[in-house]
Amino acid sequence: MLMQTWSFFKKSLANNIFRGLELREFSVFYQPKMDMETRKIKGLEALARWHSPGIGWIPPSEFIPIAESTGAIIDLGEWVLFSACEQMKHWRENGFSEISVSVNLSPTQLEEKNLISSVEDILAKTGVEPRLLELEITESVFIKDSSRALAVIKELKKLGVRLAIDDFGTGYSSVGYLTAFPFDCLKIDQSFSRTIQLPQTQVVIRALTSLSRQLGLTTVLEGVESETEMVMAGHLGCDQIQGYAVGRPMQANAVTLKMRDFQMNSATLPLLE
Ligand code: G
Ligand code: MN
């Protein structure tokens, strides 16, 4: 694409997000998470993807920050949540009644006063069991205004949904957040997978999984790309892994096939011992 076209496009990107939502240019992709013990797909992370007819695929690293800074993330986030819950209903009707889906909540969404009622509404409309919905929150939320964030998070928790702390171990991650907020799941950032061969990284992951287990949280290692990394994640005490080694983010129908595959034959993945 021409640079000129790109910079022009960037300027009007925020408006294009709203228009793109109306024109159904967005879709939700799902990335599987595998349980280390059963080697089955336990959950999926819902990820927004954007295909604009004139431009092609626009990476989330481009549109999420703009959506975030312009407030378009409120509409986009709500749409992703609704789509993911609708899809869960389809999966339930097709025999995958225990599959859980996690949806990312951005800092802006957490500040929005309609958030609680909007989540409640979507759960009611789609009939999704709250325990099967997980909301992923990044730590930047807590740095800004932690008392407000805590109030909102407690309200979400009351709805019966699960809560995950996302991208843990980067930035200003504080272990204090793990006890101060009612999280159910700790997602270790994918940068740890990139250096998992280093002894010092292994020490940190082991410490995190041990801490997490003692606090009663589930630990997921993100960005696991190879079989070697997968085996190591198991040895270091991770409960679940997510990453290309299990599957890339994919369309709902592709993930359905993948889940069937795992259900019938978990040996498609290497044995861990
Ligand atoms: O911040 P969060 O963890 O929600 O971001 C997930 C992003 O990471 C997605 O956009 C997804 O496409 C990407 N991703 C998922 N698995 C892998 C992986 O194994 N390797 C790399 N490099 N990126 C991944
Ligand atoms: Mn996430």
Side-chain angles (χ1 to χ4, degrees), residues 17 26-34 36 41-51 56-68 73 76-77 80-81 83-84 100-110 119 133-143 153 156 161-173 177 181 183-197 201 205 208 212 217-234 236 238-252 254-255 258 269-270:
I17 292 172
F26 284 90
S27 51
V28 181
F29 276 44
Y30 297 89
Q31 185 173 36
K33 289 181 276 184
M34 186 190 77
M36 294 305 276
I41 295 177
K42 184 114 179 182
L44 307 163
E45 179 173 0
L47 296 157
R49 292 290 184 264
W50 187 10
H51 187 271
W57 289 99
I58 300 150
S61 55
E62 293 287 342
F63 70 79
I64 297 288
I66 292 166
E68 183 60 46
I73 197 81
L76 181 61
V80 172
L81 183 61
S83 308
S100 80
V101 174
S102 43
V103 175
N104 296 283
L105 272 193
S106 83
T108 312
Q109 281 174 284
L110 255 114
V119 175
L133 176 66
E134 185 172 79
L135 299 172
E136 297 189 7
I137 301 162
T138 49
E139 50 158 3
S140 54
V141 164
F142 316 116
I143 299 161
I153 283 168
L156 286 171
V161 300
R162 282 171 59 88
L163 298 173
I165 182 158
D166 204 5
D167 307 323
F168 196 79
T170 55
Y172 298 95
S173 298
Y177 297 144
F181 296 88
F183 289 115
D184 304 283
C185 175
L186 170 75
K187 295 191 85 178
I188 303 176
D189 188 70
Q190 51 173 289
S191 56
F192 290 88
S193 291
R194 298 287 73 75
T195 58
I196 203 166
Q197 305 308 337
T201 301
I205 297 176
L208 285 177
S212 181
L217 310 185
T218 305
T219 319
V220 181
L221 181 60
E222 301 183 289
V224 175
E225 290 181 353
S226 69
E227 192 185 319
T228 325
E229 289 168 20
M230 188 189 292
V231 172
M232 190 55 80
L236 297 174
C238 299
D239 300 311
Q240 295 178 22
I241 55 164
Q242 180 179 348
Y244 300 165
V246 183
R248 292 187 176 248
M250 56 194 115
Q251 316 247 25
V255 108
K258 186 120 189 152
L269 277 165

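As the structure lists them, so they are numbered: ligands from 1, and atoms in each ligand from 1. Residues take their numbers from the sequence shown, with the count starting at 1.
Checking each of Asp189, Ile137, Asn104, Leu135 against Asp166 for a side chain to side chain contact (heavy atoms under 4.5 Å, CB included) leaves exactly one that passes, namely Asn104.
One side chain, Ser102 or Glu136, offers a donor N or O that lies under 3.5 Å from an acceptor on the other.
When OD2 of Asp166 and OD1 of Asn104 are joined through the Mn ion (ligand 2), the resulting angle is 80° to the nearest 10°.
Taking a cut-off of under 4.0 Å to the non-hydrogen atoms of Gly243, the atoms of ligand 1 that pass are 16 (N), 19 (O). Interface atoms of ligand 1 facing Pro249, defined by a heavy-atom separation under 4.0 Å, are 12 (O).
For a threshold of 3.5 Å applied to N or O pairs, the pair formed by Glu45 and ligand 1 contains at least one separation below that value.
Scanning all protein heavy atoms for the shortest distance to atom 19 (O) of ligand 1 gives Tyr244 N, 3.0 Å. With hydrogens left out, the protein atom closest to atom 15 (C) of ligand 1 is Gln31 OE1, 3.0 Å, a heavy atom. Counting protein heavy atoms only, atom 9 (C) of ligand 1 is closest to Leu47 CD1, 3.9 Å. Protein heavy atom in closest approach to atom 12 (O) of ligand 1: Arg49 NH2, 2.9 Å. Nearest protein neighbour of atom 2 (P) of ligand 1, counting heavy atoms only, is Asp167 OD1, 3.6 Å. Nearest protein heavy-atom contact of atom 20 (N) of ligand 1 is Glu225 OE2, 2.6 Å.
Between Met250 and Pro32, the closest side-chain pair of non-hydrogen atoms falls below 4.5 Å.
Judged purely by atom type and a 3.5 angstrom limit, Ser193 uses its side chain to pair as donor or acceptor with the backbone of Glu222. Checking side-chain atoms of Gln109 against main-chain N and O of Leu105 turns up no donor-acceptor pair under 3.5 Å. Between the side chain of Glu62 and the main chain of Pro59, no donor-acceptor pair closer than 3.5 Å is present.
Between the Mn ion (ligand 2) and the N, O or S atoms of Glu45, the shortest distance is to OE2.
Note: Trp57 and Phe29 have perpendicular aromatic rings, judged against thresholds of 30 and 60 degrees for the angle between ring planes.
At a 4.0 Å heavy-atom cut-off, ligand 1 touches Gln190 through the side chain alone. The proximity of Thr138 to ligand 1, defined as any non-hydrogen pair under 4.0 Å, does not occur for either the backbone or the side chain. Neither the backbone nor the side chain of Asp189 comes within contact range of ligand 1; no heavy atom lies under 4.0 Å. With a 4.0 Å cut-off on non-hydrogen atoms, Glu222 touches ligand 1 through its side chain and not its backbone.
Residue Gly223 places a heavy atom under 4.0 Å from ligand 1.
The Mn ion (ligand 2) has an N, O or S atom of Glu136 inside 2.8 Å of it.
Checking atom 23 (N) of ligand 1 against the protein gives a heavy-atom contact under 4.0 Å.
For the pair Phe183 and Leu217, the tightest heavy-atom approach, listed with the atom from each and the gap, is O-CD2, 2.8 Å.
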Glu134 and Lys187: salt bridge (charged side-chain N to carboxylate O under 4.0 Å, His left out), yes or no, with the steps?
CA-CA 12 Å; Glu134 185 172 79; Lys187 295 191 85 178; 5.8 Å; no
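Considering CG of Leu156 and CG of Leu110, their distance stands at 6.5 Å, rounded to 0.5 Å. The NZ atom of Lys258 sits 10.5 Å away from the CZ atom of Arg248 when rounded to the nearest 0.5 Å.
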